[in-house]
Trainee: 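My structure is below; once you've seen it, I'll send some questions.
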Amino acid sequence: HALGLWWLFKYGASRPQGIGLHADPAAVNLNVWLTPDKHRISGGGLVVYNYVPPFEQPTGAINHEFDSERAEEALRRSLLTHGEATR
(Lines give C-alpha, C1' and ligand atoms only; values in the text may rest on other atoms or scores of the structure.)
Protein backbone atom coordinates (compact mmCIF):
# COMPACT_ATOMS: atom_id res chain seq x y z
CA HIS A 1 0.00 0.00 0.00
CA ALA A 2 1.24 3.47 -0.81
CA LEU A 3 1.03 6.16 1.84
CA GLY A 4 -2.20 7.98 1.07
CA LEU A 5 -2.70 10.19 4.10
CA TRP A 6 -0.99 11.00 7.39
CA TRP A 7 -1.78 13.22 10.33
CA LEU A 8 -0.74 13.85 13.89
CA PHE A 9 -2.31 15.03 17.10
CA LYS A 10 -0.55 16.95 19.83
CA TYR A 11 -2.10 17.11 23.27
CA GLY A 12 -1.11 19.18 26.24
CA ALA A 13 -2.64 21.24 29.01
CA SER A 14 -5.19 22.79 26.63
CA ARG A 15 -6.54 19.38 25.51
CA PRO A 16 -5.40 16.64 27.87
CA GLN A 17 -8.26 14.20 27.16
CA GLY A 18 -7.04 13.21 23.69
CA ILE A 19 -9.18 12.28 20.72
CA GLY A 20 -12.54 10.60 21.15
CA LEU A 21 -13.80 7.32 19.76
CA HIS A 22 -13.38 7.31 15.97
CA ALA A 23 -12.75 5.10 12.95
CA ASP A 24 -9.63 5.31 10.79
CA PRO A 25 -10.21 4.09 7.22
CA ALA A 26 -6.76 2.59 6.71
CA ALA A 27 -5.13 -0.56 5.44
CA VAL A 28 -2.24 0.18 7.82
CA ASN A 29 -2.45 2.34 10.93
CA LEU A 30 0.53 3.33 13.12
CA ASN A 31 0.15 5.01 16.50
CA VAL A 32 3.10 6.40 18.49
CA TRP A 33 2.99 8.16 21.85
CA LEU A 34 5.90 10.30 22.98
CA THR A 35 5.09 10.62 26.66
CA PRO A 36 7.40 11.16 29.63
CA ASP A 37 7.05 8.30 32.15
CA LYS A 38 5.82 10.70 34.85
CA HIS A 39 2.74 11.50 32.72
CA ARG A 40 1.63 7.95 31.92
CA ILE A 41 -1.70 6.86 33.34
CA SER A 42 -2.14 3.32 34.62
CA GLY A 43 -4.64 1.61 32.34
CA GLY A 44 -4.33 4.26 29.64
CA GLY A 45 -3.41 3.64 26.03
CA LEU A 46 -4.98 2.53 22.83
CA VAL A 47 -8.01 0.29 22.51
CA VAL A 48 -8.58 -1.09 19.00
CA TYR A 49 -12.22 -1.81 18.28
CA ASN A 50 -12.72 -4.60 15.74
CA TYR A 51 -15.95 -3.21 14.34
CA VAL A 52 -15.58 -2.51 10.62
CA PRO A 53 -18.15 -0.12 9.16
CA PRO A 54 -19.55 -0.87 5.70
CA PHE A 55 -17.04 0.14 2.99
CA GLU A 56 -19.52 2.44 1.26
CA GLN A 57 -20.28 4.36 4.47
CA PRO A 58 -18.53 7.76 4.43
CA THR A 59 -16.08 8.38 7.28
CA GLY A 60 -18.05 11.49 8.23
CA ALA A 61 -21.10 9.32 8.93
CA ILE A 62 -19.07 7.24 11.40
CA ASN A 63 -16.91 9.87 13.10
CA HIS A 64 -18.79 12.53 14.95
CA GLU A 65 -18.77 14.38 18.22
CA PHE A 66 -20.93 12.69 20.81
CA ASP A 67 -23.60 14.73 22.57
CA SER A 68 -22.08 13.76 25.89
CA GLU A 69 -19.29 11.71 27.44
CA ARG A 70 -22.04 9.38 28.63
CA ALA A 71 -23.14 8.61 25.05
CA GLU A 72 -19.56 7.90 23.94
CA GLU A 73 -18.96 5.71 26.99
CA ALA A 74 -22.15 3.73 26.27
CA LEU A 75 -20.84 2.88 22.78
CA ARG A 76 -17.44 1.90 24.21
CA ARG A 77 -19.10 -0.42 26.76
CA SER A 78 -21.25 -1.98 24.06
CA LEU A 79 -18.24 -2.72 21.83
CA LEU A 80 -16.28 -4.16 24.76
CA THR A 81 -19.23 -6.28 25.92
CA HIS A 82 -19.68 -7.82 22.48
CA GLY A 83 -16.00 -8.72 22.10
CA GLU A 84 -15.37 -6.03 19.52
CA ALA A 85 -12.16 -4.64 21.07
CA THR A 86 -8.50 -5.52 21.50
CA ARG A 87 -6.28 -3.97 24.15
Side-chain angles (χ1 to χ4, degrees):
H1 295 281
L3 178 63
L5 181 66
W6 67 273
W7 59 88
L8 63 97
F9 297 98
K10 179 181 177 184
Y11 300 106
S14 64
R15 188 175 172 150
Q17 72 278 11
I19 192 164
L21 184 65
H22 68 282
D24 289 328
V28 176
N29 192 333
L30 173 68
N31 293 271
V32 177
W33 284 269
L34 304 175
T35 307
D37 286 343
K38 68 180 183 176
H39 295 294
R40 289 186 306 155
I41 299 171
S42 177
L46 177 69
V47 176
V48 176
Y49 296 94
N50 301 322
Y51 171 77
V52 178
F55 182 74
E56 64 277 356
Q57 190 172 22
T59 304
I62 302 162
N63 296 335
H64 63 278
E65 294 292 323
F66 287 88
D67 294 334
S68 67
E69 287 182 28
R70 188 176 181 181
E72 183 173 355
E73 184 58 31
L75 178 55
R76 288 180 193 273
R77 277 195 311 274
S78 174
L79 290 168
L80 288 169
T81 299
H82 295 95
E84 295 291 334
T86 304
R87 289 190 184 269

Trainee: Near Trp6 CH2, under 6.0 Å, is it more than 12 heavy atoms from other residues, nucleotides or ligands?
Mentor: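 No, the 6.0 Å shell around CH2 holds no more than 12 heavy atoms from other groups.
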
Trainee: With a cut-off of 6.0 Å (strictly less than), are more than 12 heavy atoms of other residues, nucleotides or ligands near CG of Asn29?
Mentor: yes

Trainee: Shared ILVMFWY cluster between Leu34 and Leu30, side chains joined below 4.5 angstrom?
Mentor: yes

